[in-house]
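We use all heavy atoms of the structure for the numbers below, so side chains are in, but hydrogens, waters and symmetry mates are not. Below, read A as the first sequence line, B as the second, and so on, with proteins coming before strands; counting in each chain starts at 1.
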There are 4 protein chains.
Amino acid sequence: MKFNKPKAIYMQIADYICENILAAELKGGDRIQSVREMAAQVEVNPNTVARTFSYLQEKEIIFNKRGVGYFVAEDALERTKAIKKEAFLKNYLPEVFKMMELLGISFEDLQALQKANESAAS
Amino acid sequence: MKFNKPKAIYMQIADYICENILAAELKGGDRIQSVREMAAQVEVNPNTVARTFSYLQEKEIIFNKRGVGYFVAEDALERTKAIKKEAFLKNYLPEVFKMMELLGISFEDLQALQKANESAAS
Amino acid sequence: MKFNKPKAIYMQIADYICENILAAELKGGDRIQSVREMAAQVEVNPNTVARTFSYLQEKEIIFNKRGVGYFVAEDALERTKAIKKEAFLKNYLPEVFKMMELLGISFEDLQALQKANESAAS
Amino acid sequence: MKFNKPKAIYMQIADYICENILAAELKGGDRIQSVREMAAQVEVNPNTVARTFSYLQEKEIIFNKRGVGYFVAEDALERTKAIKKEAFLKNYLPEVFKMMELLGISFEDLQALQKANESAAS
DNA sequence: GTGGTCTAGACCACC
DNA sequence: GTGGTCTAGACCACA
């Protein structure tokens, strides 16, 4: 796993888990890797993963069974969607609309860009 | 001026100036407020404004006449557009498209949101 | 049985047994369920129940007949009361009084809360 | 400052700050010691204090001015009271009432204990 | 100067 | 085995 500088690593790991939840690869009740396992896998310090889990638990996306491990909350999908959606609407969209206006980008342009983006990814 | 966002304050001030340039309220050759004036106006430490100017100068959007002050570059509009556009395409859009897919937001939804956004702002 | 509290599970089980003793549902000489039985009943790892019994034995509330099982001590009621009382006076009360002062709760309020609590439980 | 084992140090520091707020020794807008200052004063690692502040910020009891420090929120008193009160009613009181019933302690006893407690403290 | 993050390594209670 | 906490020390961006 590769990490970009501007965002904190522990948040990037959180995002990664959230994406798995949104993609239904992680479902309610599923056990998550242990702190140490995930730390080894993504090659970071266990403390950093612990921070990620603590953050997600705070958001009630995952929960903890004492001495057993972390599990995906039953309503994780809904919560994750709600949180991401709120962040998207509040932080991203206004910026996007402002940009579109300032730069003179129309919705047609946007759609074209998306297609270009998709084909670049594939 | 309020600085609640996670973004660095000096960058927020830079954005503010860029927006004025894009809106043609600041044109090539115009003199910009002095560091101290602007610091007083936006209620911020002069060092912070100095950093903003230094950043914009490095991007060649403004330039410095020793002992006189800072001035908007002749090609500031084009440069600003180019920089913002690049940042938009590279940093924002992919994230936006990912979000739209994960959250199931269509372009029609987006357009509706924009209208709601505009009427809220007015 | 649910274990949501921050308290360690083995202690919650111990509390549960102590309450039965204080309520005279378990009397001196009574045999207690085996580790495996109780583990199955409360849906917990047998090791956890074993720890509960070990803890209670250390407190001399229950005792062990080798190869037969665990039994409630003859003076279990007195011992349990004494232990709980000490813990109550030492750990709980000072905290409660501090809270009452900080939050401005009087004894009259407390009595009212108790009644509300009782009716909610019934 | 002395710390008891069962509770995490960073939470004990948080409690200490909350008590100062409840006692009106810290008011809305007041600046709090810097992470390093407080760490030196209470003789713990700066990381531990950082955790405390992060926790209190999450609870919106304090907030951060970038590069300046932490400040008490304007509504800190209300928030703190609300949080403490909720914890008291939800976690402490039921336990207290259960104890009083099991041990046969009346409200008169409780009041007598409080007086004893006060004189012991003075 | 401020806080934010990360690493490394340790100890603990709990299951 | 699990997570939770703490220490020590480092580096960074920001004001």
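Within the nucleic acid shown, B/Asn47 has no heavy atom closer than 4.0 Å to any nucleic acid atom.
Shown here is D/Arg31, whose CZ atom has more than 12 heavy atoms of other residues, nucleotides or ligands within 6.0 Å. Summarising the local packing, OH of C/Tyr55 is surrounded by 12 or fewer heavy atoms from other residues, nucleotides or ligands at distances under 6.0 Å.
Of all heavy-atom pairs spanning C/Gln41 and C/Gln33, the tightest one is OE1-NE2, 2.5 Å.
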| 5'-to-3' dot-bracket of DNA chain E (Watson-Crick, G-U; under 3.5 angstrom; crossing pairs as [ ]; | other strand) | ||||||||||||||.

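With rounding to the nearest 0.5 Å, the separation of CD in C/Glu86 from CD1 in C/Ile83 is 8.0 Å. Between the CZ atom of C/Phe53 and the CD1 atom of C/Ile17 there is a distance of 5.0 Å, given to the nearest 0.5 Å. Within the model, atoms CD1 of C/Ile61 and OH of C/Tyr70 stand 13.5 Å from one another, a figure rounded to the nearest 0.5 Å.
Partner of C/Thr80 under the side chain to side chain contact (heavy atoms under 4.5 Å, CB included) criterion, out of C/Ile21, C/Asp75, C/Leu56: C/Ile21 alone.
A cation-pi geometry, defined here as NZ or CZ lying under 6.0 Å from the six-membered ring centre and within 45° of its normal, holds between D/Lys65 and D/Phe71.
If you walk DNA chain E from 5' to 3' and mark each nucleotide with an atom closer than 4.0 Å to a heavy atom of chain C, the marks span E/dC14 to E/dC15.
Summary of the strand contacts: D/Glu43 and D/Arg36 both lie near DNA chain F, and taking for each the nucleotide with the nearest heavy atom, the more 5' one is attributed to D/Glu43. Comparing A/Gln12 and A/Val68, the nucleotide of DNA chain E nearest to each residue sits closer to the 5' end for A/Gln12. Each of A/Arg31 and D/Val44 was matched to the nucleotide of DNA chain F holding its nearest heavy atom; the match closer to the 5' end belongs to A/Arg31. Place D/Glu37 and A/Tyr10 on DNA chain E by their nearest nucleotides, and D/Glu37 ends up nearer the 5' end.
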